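Protein chains get the first letters and strands the later ones, always in sequence-line order, with residue 1 at the start of each. Since the model is a prediction, treat every value here as computed from it, not as a measurement.
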Amino acid sequence: LSVHEHILRAFAAALFALGMTLGGEAALADVVAVVSAKSAITSLTADQVADIFLGRVSRFPNGLLAVPIDLRDGAPERDRFYARIAGKSPAQVKAYWSKIIFTGRGQPPKAVSSDIDMKKLIAANLTAIGYIDASMLDSTVRALE
Amino acid sequence: MVHPAALCSPPHSQHAPDVIESRVARKDCSSFRHRLRLPQYGLGVALWAAAITVAATPVSPDSHSDTAPDSMFTFGGFGTLGVVHSDQSLADFTATRSEASGAGYTHAWSASVDSLIGGQASAQFTSQFSATLQIISQQNADSSFTPHVERANIKYQLTPDFALHLGRSALSVFLLTDSRVIGFANPWVRPPVELYNIISLTSSDGVGFSYRFLIAGGTNTVDGSAGHASEKFPRGDESNTSTATADEQLSLIDTYQRGATTVRLTYGQTHVTIASLTPLFEGFRQFGPQGIAIADRYDLSGRIVLFYGLGAAYEPGDWFLMAEWGHVDTHSALGEKAGWYVSSGHRFGLATPYATYAQTTSKTNITDPGLDLAALPPSSAAAAAALNAGLRAAFAVIADTTISLGARFDVARNIDLKLQADRTRLGPHSQGWLINAQPGFEKGSSYNLLSASVDFVF
């Protein structure tokens, strides 16, 4: 049966892909969670940051409203951020939000298109929390963790 | 879950949330933004081609600038294109209890078991008031792919942590019930039928609330709902369907989540009516005190069907371990059923191989002989024998054990490929969850499945 052959080939290709991806991941530059320099928030654990970005909590530990801001889908900093705070791959993050969205329980954080926009937005909003490459830190934002 | 949009302009916020509103793209994940045209004429090849093209289109960074026009509407969709092979050629395997036919007897390889497509439109009218409409096309109990409305509700967010909803809403009795059809959100080709078939309702028409609070270092969410639901089941011949309705349905679901750990407890109760069983018990009531006693003992009407569920998942990122158990007691001829599974997988880059062990057990009064034919005049014995046969069919024992091995491959940001092999051993005197059993089918036997599917979201 040709369909059997196709399935066997697909299994073989899958095993190959598995082998290819077993190699380790390259060392990554740091992406850090940031709030406005004027914010009262000085530190959060990775779990607390993950809870805010995954929509599990709506407030900072001090009770202030927390509004997470994402970088655009596909930004390397975004992928590194979620890998670090939640151990999730880009597909796992997408799968997580697919479940939330299509069960009518919520929408993912709003996104900005560049890290420059991200930093400006965070600096100007006390409720906002975002993430940038550590090399972009300056006096307008505060790195958490 | 709280709608993050509701967080952006809370009435008590002190700090210019409108700056966020205006500067941030209204819809975050650009790939969810493609407009979806809902299927008007069922599942057409053109629709599939369009959906796959949209899903496979690489998202260019330019396609989501933060100056996109602000719209209150979001559109999205999901789908699965899958084939299943069964080596049991005298009965059909189906992925849900609503499908008319499947893999095995009807088709050695079936594309209509797992394949489906769904679209969703949401509107955020104000920071507190939103509406959702979701439509799905998948194989129905009458073999058609006519789309149905899976959800249509309005939600009012009193606070970021307290919401009320009205209309057709998701019913999350198990961890993945509400996302059972969203293959991309799940680790396997399909959630184990051994558990997910014992309560197959995925939505309910009525009212509900969702309230969450912080406790013991985690988040606890309580969901309650009251309403009714109905579902069509196949009756064996393709032209005929039977409707089951669940009235006065109440459910209370508690979900505790902390870090990588999720635990869910579910309680549900409802009155169930199965249209095709009504004539059976009306028949028994024609046969004097003995017949009335049998009908009173086994008729679903007026009985409360009780359901309990317990599930836990640990998902630290690189691997997962999930286990769930559920029990339903119908207090009727349909007896009690329990289902459970345990599943684990590990992610290696883009590949996540997994293994699952799942089991359904059931308890019915299968030895009850029904009406005593010897005590009846020959003229009515034939009718009584037919009723007894109908009762024995209702008593059907559903018991099986399945071992599954498979892998998910994340082939693109919004597309996965899954391959899965299942081996199912049927319980004694049981055909398990198989349907359309043909003469010669052996109860208590074993069968194997091979499945391949592609899931996407857009």
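- For B:R413, the parts lying near chain A are the backbone and the side chain together; criterion is any non-hydrogen pair under 4.5 Å.
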Evaluate side chain to side chain contact (heavy atoms under 4.5 Å, CB included) for A:F102 paired with B:V457, printing each intermediate quantity in order. CA-CA 10 Å; A:F102 294 122; B:V457 291; 4.1 Å; yes
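- Every salt bridge (Lys or Arg N to Asp or Glu O under 4.0 Å) that B:D318 has, sequence neighbours left out, goes to B:R347.
- Atom-to-atom distance recorded for B:E315:CD and A:K88:NZ is 5.5 Å, nearest 0.5 angstrom.
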Verify side chain to side chain contact (heavy atoms under 4.5 Å, CB included) between A:K99 and B:N186, making sure each step is shown before the conclusion. CA-CA 8 Å; A:K99 181 172 164 71; B:N186 300 333; 5.6 Å; no
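- Of the possible donor and acceptor atoms, none in the side chain of B:Q134 sits under 3.5 Å from a partner among the backbone N and O of A:G104.
- In terms of non-hydrogen atom pairs under 4.5 Å with chain A, the most contact-rich of B:V181, B:T202, B:I182, B:L176 is B:I182.
- Proximity to chain A involves both the backbone and the side chain of B:A185, based on heavy atoms less than 4.5 angstrom apart.
- For B:L158, the CG atom counts as densely surrounded, since its 6.0 Å shell holds more than 12 non-hydrogen atoms of other residues, nucleotides or ligands.
- The main-chain N or O of B:R258 is never found under 3.5 Å from a side-chain atom of A:R56 such that the two would form a donor-acceptor pair.
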A:T103 and B:S172: CA distance, side-chain angles, deciding distance, side chain to side chain contact (heavy atoms under 4.5 Å, CB included) verdict: CA-CA 9 Å; A:T103 54; B:S172 331; over 6 Å; no
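- Neither the backbone nor the side chain of A:A50 comes within less than 4.5 Å of any heavy atom in chain B.
- Contact of B:L214 with chain A is made through the side chain alone, with heavy-atom distances under 4.5 Å.
- The shortest heavy-atom contact between A:A91 and B:R408 is O-NH2, 4.4 Å.
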Assess whether side chain to side chain contact (heavy atoms under 4.5 Å, CB included) is satisfied between B:D178 and A:R105, documenting all intermediate values. CA-CA 10 Å; B:D178 52 5; A:R105 284 183 286 148; 3.4 Å; yes
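- For the pair A:K94 and B:D416, the salt-bridge criterion is not met [side-chain N within less than 4.0 Å of a carboxylate O].
- Between the CG atom of B:L350 and the OG atom of A:S89 there is a distance of 7.5 Å, given to the nearest 0.5 Å.
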side-chain hydrogen bond (donor to acceptor under 3.5 Å, both in side chains) between A:D51 and B:T219, worked out: CA-CA 9 Å; A:D51 282 347; B:T219 305; 5.1 Å; no
